[in-house]
Amino acid sequence: MNTDNACFVRPALAALCVTSLVTLAACGGSVCVGLDGCGGAGVVPNIAISGTAATGTALASAAVSFSCAQGSGSTLSDGGGRYSITFNATLPCIVTVTSGGTALHSVAFAGGTFNTTPETELMLVYLASQLGTSETSLIAGFPSNSQFQQVLANQADVLAAQSATVTNLQQHYALTLTAPAFLTTPFIVGQAGVDSDLGALAAAGAIDTNGMPDPAAVSLLSAAGLAHPLTATSTPSSSTGGAGGTGSSTGGMM
């Protein structure tokens with residue numbers, strides 16, 4: 001059989017050939033994988049995020065959900081509050097950990113370690129205030145608000161908010177935090193570092209008995225963020241971090 005005329009042998013094969021040609025044209029002439037579209041086009045990346053959820057004690061067997069710019073996922077923490085997930089999503093992601101009456105939030109701008117603690121909750125309060133909104137509105141509007149997504153994707157903005165959170169807590173509560181990089185530092189509940197800092201904050205009154213930030217701490221970080229607004233938005237950093245600012249402020253004390 002002349003293979004050059006194979007498309008005209010059977011109607012079913014002809015339809016297959018036509019579909020292939022249309023798909024090839026849509027690819028701009030590049031090779032397509034199967035008939036689903038252009039290879040690599042519109043593919044949601046596979047990311048891996050892990051961390052620890054704690055308030056000074058582990059949030060064990062807690063529900064952990066990830067709401068991302070595109071895609072979502074969920075898992076459970078283990079007995080030590082540790083969680084890990086690999087799923088298809090476009091960064092950034094807001095992380096929500098729920099255990100009984102405690103609901104804490106965090107953000108992941110890349111794959112890797114991103115913890116969820118009262119400190120990350122206060123960091124989001126600060127970022128929301130920088131954006132002229134509340135943390136509740138930031139979380140609710142995140143899936144459809146491009147500015148919120150750009151800021152939370154920008155490593156420089158998030159880490160500046162982390163630094164401002166540490167500075168304000170230390171000065172207001174007259175203590176020294178030993179792990180200022182609380183968002184991305186791996187830790188084990190019961191050991192020195194992020195977890196002992198949470199214990200110190202609880203003893204100082206910044207964290208209440210339910211493991212949530214005390215209202216006074218929330219007000220402190222909200223006012224601090226409002227005093228250092230993000231006034232402009234530009235290209236966010238990549239999922240692996242990098243340069244690129246979105247605002248005129250680097251945070252700090254009120």
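- T96 has its side chain out of reach of V64: every pair of non-hydrogen atoms, C-beta onward, lies at least 4.5 Å apart.
- Using a 4.5 Å heavy-atom cutoff, the side chains of I85 and S50 are not in contact.
- For the pair L201 and L169, the minimum side-chain heavy-atom distance is below 4.5 Å.
- Of the candidates T116, T75, T52, N115, Y83 forms a side-chain hydrogen bond (donor to acceptor under 3.5 Å, both in side chains) with just one, namely T116.
- Relative ring orientation between F66 and F87 is described as tilted, the plane-to-plane angle lying within the 30° to 60° band.
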(message) Before you tell me yes or no, could you show the steps for S99 and T102 under side-chain hydrogen bond (donor to acceptor under 3.5 Å, both in side chains), namely the whole-Å CA-CA distance, both residues' side-chain angles and the distance that decides it to 0.1 Å?
(response) CA-CA 5 Å; S99 177; T102 302; over 6 Å; no
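- Distance check, rounded to the nearest 0.5 Å: CG of L226 to CG of L221 gives 12.5 Å.
- In this structure the side chain of E121 reaches within 4.5 angstrom of the side chain of P213, judged on heavy atoms.
- A donor-acceptor contact shorter than 3.5 Å is absent between the side chain of Q155 and the backbone of F109.
- Side chain of S77 to main chain of S61: a donor-acceptor pair is present (N/O by atom type, distance under 3.5 Å, no hydrogens or angles).
- Residue T120 holds its OG1 atom at 6.0 Å from CE of M123, rounded to the nearest 0.5 Å.
- Among all heavy-atom pairs drawn from T113 and G51, the shortest one is CG2-CA, 4.4 Å.
- Shortest non-hydrogen contact noted between Y126 and H228 is OH-CB, 3.6 Å.
- With L198 as the fixed residue, the side-chain contact (heavy atoms from CB on, under 4.5 Å) test singles out one of I207, L177, V189: I207.
- None of L124, L127, V218 except one satisfies the side-chain contact (heavy atoms from CB on, under 4.5 Å) rule with E135; the exception is L124.
- D214 contributes no side-chain N or O that, together with a main-chain N or O of D208, makes up a donor-acceptor pair within less than 3.5 Å.
- For the atom pair CG (L59) and OG1 (T117), the distance works out to 9.5 Å, reported to the nearest 0.5 Å.
- Here the closest non-hydrogen pair linking L104 and G211 is CD2-O, 4.0 Å.
- Side-chain atoms of S129 never come within 3.5 Å of backbone atoms of V125 as a donor-acceptor pair (strictly under, hydrogens ignored).
- For the residue pair D197/T178, the side-chain donor-acceptor check at 3.5 Å is satisfied.
- For the atom pair NE2 of H105 and CG of L122, the computed distance is 12.5 Å after rounding to the nearest 0.5 Å.
- To the nearest 0.5 angstrom, F182 atom CZ is 9.0 Å from S163 atom OG.
- Atom OG1 of T184 and atom CG of L159 lie 7.0 Å apart (nearest 0.5 Å).
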